[in-house]
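Letters A, B, ... are given to chains in the order of the sequence lines, protein chains preceding strands, and every chain is numbered from 1.
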Amino acid sequence: MARVVVDVMLKPEILDPQGQAVQRALPRLGFEGIADVRQGKRFELEVEGPADDAALARIREMAETFLANTVIEDFTVRVEAGS
Amino acid sequence: MARVVVDVMLKPEILDPQGQAVQRALPRLGFEGIADVRQGKRFELEVEGPADDAALARIREMAETFLANTVIEDFTVRVEAGS
Amino acid sequence: MTARVGVVTFPGTLDDRDTQRAVRVAGAEAVPLWHRDKDLKQVDAVVLPGGFSYGDYLRAGAISRFSPVMESVIAQAKDGLPVLGICNGFQVLTETHLLPGAMLRNESLHFVCREQKLRVENADTAWTTDYTAGQEISVPLKNIDGRYVADARTLDMLEAEGRVAFRYLDVNPNGSLRDIAGITNEAGNVVGLMPHPEHAVEPLIGTGRTDGLGFFTSILKKLVNA
Amino acid sequence: MTLDTVKHAAETPEAEQPWAELGLKQDEYARIREILDRRPTGAELAMYSVMWSEHCSYKSSKVHLKQFGEKVPENDAMLVGIGENAGVVDVGQGYAVTFKVESHNHPSYIEPYQGAATGVGGIVRDILAMGARPVAVVDPLRFGAADHPDTKRVLPGVVAGIGGYGNCLGLPNIGGEVVFDACYQGNPLVNAGCIGVMKHEDIHLAKASGAGNKVILYGARTGGDGIGGVSVLASETFDATKPTKRPAVQVGDPFQEKLLIECTLEVFKEQLVAGIQDLGGAGLSCATSELASAGSGGMRVELDTVPLRDSSLSPEEILMSESQERMCAIVEPDKVDRFLEICEKWDVIATVIGEVTDGTRLEIFWHGEQIVDVPPRSVAHEGPTYHRPYARPDWQDALQADDANQLARPTTPEELRAQILQVVASPNQASKAWITDQYDRFVQGNTVLAQPEDSGMVRIDEETNLGVALATDGNGRFAKLDPYAGAQLALAEAYRNVAATGAKPLAVSDCLNFGSPEDPAVMWQFAEATRGLADACQTLGTPVTGGNVSLYNQTGEVAIHPTPVVAVLGVIDDVNRRTPVAFAQEGQLIYLLGDTAEELGGSAWSQVVHEHLGGLPPKVDLERERLLAEILISASRDGMADAAHDLSDGGLIQALVESCLRGGNGARLVVPEGVDPFVFLFSESAGRAVVSVPRSEELRFTDMCGARGLPATRIGVVDGDAIDVQGQFSIALDELRTAHEATIPGLIG
Ligand SMILES: Nc1ncnc2c1ncn2[C@@H]1O[C@H](COP(=O)(O)OP(=O)(O)O)[C@@H](O)[C@H]1O
Ligand SMILES: [Mg+2]
């Protein structure tokens with residue numbers, strides 16, 4: 001079993017109200033010095049079998065067509081260190 | 001400026017309906033061999049100044065009290081490589 | 001002869017029965033369609049109703065988009081089958097790319113339920129001929145992922161081609177770009193909007209107005225006259 | 001670890017058992033040993049401990065709740081009474097309606113979103129288990145002080161949870177309450193109610209009969225959710241030091257619940273179900289023992305067939321798990337295949353986990369070995385009963401002597417005007433739209449009235465326009481001053497709210513939220529409130545059909561106000577006749593119905609202007625309430641009133657402000673001769689309502705009131721864009737609107 005992580009973030013040009021809401025709240029909670037916050041999604045996939053190139057290619061396709069909506073989102077795929 | 005990433009995931013024992021729905025959909029889309037999917041949140045924070053120990057300690061506190069709901073979620077904090 | 005309008009039920013669809021009622025109130029025949037069936041039962045038009053299909057998990061509409069019924073809907077929509085996506089149905093249509101753009105969480109981050117004023121900008125689509133361009137209507141709106149976004153080029157194109165079909169008036173309830181409440185494809189057969197015309201077809205129920213009925217009478221007339 | 005089988009338990013009578021940690025008292029543990037004639041196995045201990053908890057067994061409250069059955073009024077409408085998942089009433093035309101209110105208070109404090117969400121999920125499954133399609137929800141809520149920082153954590157989470165779950169199920173939210181009071185700071189009250197509709201012949205009961213019938217568990221997989229949750233969360237005050245290895249928080253999956261609803265309705269429709277029970281608190285322990293206890297035979301369950309989310313769960317934990325979105329059905333063998341087919345259609349996991357036997361025992365096996373062998377009644381229905389001591393607290397007299405009628409009153413019209421704005425803008429009296437706009441009130445396309453109307457109303461038959469209405473009310477301040485009267489006032493208010501919309505009140509459900517029953521003062525409040533409610537239900541002819549008790553709502557020694565929340569269900573033959581609150585027609589005449597006395601104890605005015613709670617609550621006159629209701633219903637049926645609004649907290653001025661703002665019209669008012677304007681506007685005397693009457697109907701209306709002896713005073717006319725009280729003051733609607741609507745977003749948004 002290997003763990004593959006897919007991170008999905010809104011494209012930089014898309015307004016991220018969730019991230020903004022977090023950022024706006026921080027000073028009120030006493031946390032200063034955070035210039036920007038973006039909020040996205042993280043998927044942890046447990047892959048049966050090895051996370052080899054073939055598996056990663058399939059997962060990249062899965063991210064492209066399904067996990068991310070590429071009209072608004074970018075994604076990255078990586079094998080979790082230590083798995 | 002440094003970028004710090006906070007990953008927030010539901011604790012392993014907590015039901016993750018989203019991850020489950022994603023996993024159930026995969027075979028229908030022709031993606032086999034994924035044993036489990038968990039879905040969480042990823043926060044990218046742009047920190048003014050260096051991401052030194054003091055800054056990370058503050059961010060860890062922020063994650064603990066605000067970004068994550070530690071009743072049901074775990075989190076990790078790390079400096080994004082290359083930033 | 002009356003028209004047969006299919007209403008799709010996905011797991012988690014909520015407004016299917018309301019939509020069937022709206023179709024009937026307009027005088028057409030409502031035909032239930034099931035997400036697992038490719039067969040569209042020879043309907044003359046299809047409505048993808050509102051709700052939380054697959055719980056809106058992942059992204060609203062993202063999982064439903066891959067259902068067998070959608071394979072047929074996508075194929076036939078490209079051949080001119082009239083398709084209306086309401087709320088979650090609109091989200092499904094953007095996920096399938098039958099309509100451009102995407103839907104994000106409301107700017108307020110909250111679910112919002114209100115009576116919403118709209119302007120019908122395009123009265124030439126398959127679903128809007130019973131309105132006049134510029135007509136103002138009020139129908140219920142209820143969503144949490146209703147903020148319509150697209151890149152500037154797409155938005156400019158939509159505007160230039162008259163494909164912004166509905167615009168929010170008075171209040172932009174979710175932060176949609178350019179106050180867009182609904183759009184149409186180039187051919188005018190595929191229309192999607194966030195507000196809920198099917199909840200405004202009977203006096204007394206809901207807002208007590210019948211401003212939404214025009215969607216269903218429009219399609220009926222089009223089909224019967226065809 | 002070796003499996004603690006029945007055989008092993010019999011052989012090791014002296015083995016130490018953690019009964020105390022599981023919340024059992026010594027004598028309770030002794031009784032279990034007596035029932036079984038041996039020590040219980042670990043699994044049996046788990047079942048008894050959770051089923052004998054306060055939450056599941058009502059051990060402190062049931063001696064008092066008995067009155068609801070004993071004093072039940074003559075009422076032909078009652079089809080199923082207390083004891084089932086929810087009561088059922090006949091609403092005519094072959095329809096039956098089931099409804100119930102439940103609490104999810106403690107879980108919502110710990111995890112507001114999930115606590116509230118799973119509260120909605122739980123009550124919906126109760127309604128579903130009766131055979132009904134759920135058609136609407138309501139949510140009476142209580143929070144700490146509106147400006148307390150923790151309220152900013154709890155309230156948005158609770159509201160998002162109720163909306164997130166209910167909206168996703170497609171259930172219109174048609175009413176509820178939002179009350180702020182410092183007494184709820186550490187103990188917010190999250191009550192949730194649901195209405196379901198069915199035909200008479202579709203009523204289902206929770207019982208397992210017919211040897212050979214299969215026990216089918218369907219819905220979500222079982223995980224470690226809320227293990228010990230029932231006993232730890234609902235039955236004892238928090239003990240933060242106790243480590244939990246399993247999550248005490250349940251996470252809801254509304255999508256799964258929606259599938260469960262559709263799937264269940266389909267198996268009902270094909271008549272595949274002989275008995276059914278939802279899984280709520282105490283999970284499988286509760287469902288299996290209750291089904292078996294209510295049925296005629298025994299039951300045998302193979303626990304290792306239960307589909308798990310977490311394969312490390314022990315049998316004890318599986319029995320106690322409170323994983324959400326699960327149901328348990330009893331199905332005849334030849335119907336099992338079809339049942340499973342329908343589940344598959346809806347992507348719902350379903351498993352045969354056992355069968356009904358011709359024995360008398362509930363027997364549970366784990367990989368072939370017996371771990372439970374109990375008489376099911378002893379678990380489910382014959383738990384301990386406490387006659388807890390109760391005594392009128394020594395502070396009650398002083399509280400009642402601290403008369404609110406003696407508080408300083410406004411001395412000039414300007415001061416009166418300022419206090420009106422102050423009250424109307426106070427968190428409890430302000431508009432709750434910021435909250436209720438997060439709830440879908442339109443879904444299902446049958447909503448006739450929803451918040452901010454006096455009661456929610458849904459159409460249940462599209463052909464005949466038959467409808468039902470529901471209102472929930474409760475005033476903890478009144479109940480604190482006098483719990484007997486307070487409970488009656490809660491009922492009276494909900495009853496009045498239903499009648500104000502034109503519906504005939506039929507039946508009652510309640511949620512009794514109190515502090516610790518181990519405190520004699522709290523127990524007295526509870527005894528008084530139940531007695532008051534039972535007496536009033538008898539007088540008004542509205543039986544209590546079911547409800548819920550939530551105890552231990554207290555932090556340390558300090559209990560919440562006694563808070564009986566009462567839901568009244570009404571029926572209306574034709575929803576076209578419904579009466580809204582809005583003054584929509586200029587020129588109509590405004591009538592005040594009922595008598596106004598000088599009654600300021602527990603009032604909104606005393607709270608907002610003086611931060612005072614003392615004196616006596618308004619007097620209860622149930623005959624007057626009944627008469628008022630009859631008049632309101634007649635006025636609706638015969639088209640004599642276009643708007644009606646009941647008077648409750650905030651008094652006349654609050655009702656007028658709401659009706660004017662809703663209709664977008666002002667009112668010109670005259671204070672009746674000899675009446676003090678302040679008392680006129682702020683008193684909270686019960687048994688009153690305002691109506692707006694078309695001029696053409698005035699005579700008919702006043703004749704009706706006159707003939708039946710209900711005081712009706714013409715106090716003004718719908719007109720202009722201000723509330724103008726002659727000789728006193730005028731406040732523009734815009735100013736009122738800002739005052740009324742800005743408060744909650746300002747505090748919470
Ligand atoms: N939490 C809530 N959920 C839904 N509706 C609510 C909620 N709180 C208040 N409401 C609605 O707002 C309106 C005003 O509430 P309230 O002042 O308590 O009414 P009343 O005093 O007439 O009982 C009612 O329609 C009530 O149902
Ligand atoms: Mg009211």
Smallest separation among heavy atoms of C:Leu109 and A:Gln18, with atom names
CD2-CG, 3.4 Å
Crowding at NZ, C:Lys41 (>12 non-hydrogen neighbours, <6.0 Å):
yes
Taking the side chain as C-beta and beyond, is there a heavy-atom pair between C:Glu107 and A:Leu15 under 4.5 Å?
yes
Contacting region of A:Leu67 [heavy-atom separation from chain C under 4.5 Å]
both
For A:Pro17 against C:Asn106, the heavy-atom pair lying closest together:
CG-O, 4.4 Å
Interchain contact, A:Glu73 with chain C, by part (heavy-atom threshold 4.5 Å)
side chain
Donor-acceptor pair, C:Arg59 side chain versus A:Phe66 backbone, under 3.5 Å?
yes
C:His97 NE2 to A:Thr70 OG1 distance, which is reported to the nearest 0.5 Å
6.0 Å
Mark yes when over 12 heavy atoms from residues, nucleotides or ligands other than A:Lys41 sit less than 6.0 Å from its NZ; otherwise mark no.
yes
More than 12 foreign heavy atoms under 6.0 Å from CD of A:Glu13: is that the case here?
yes
Within the 4.5 Å heavy-atom criterion, are A:Asn69 and C:Glu95 side-chain neighbours or not?
yes
Atom group of A:Lys11 that falls short of 4.5 Å from chain C, counting heavy atoms:
neither
For residues C:Leu104 and A:Asp16, determine if any side-chain heavy atom of one lies less than 4.5 Å from a side-chain heavy atom of the other.
no
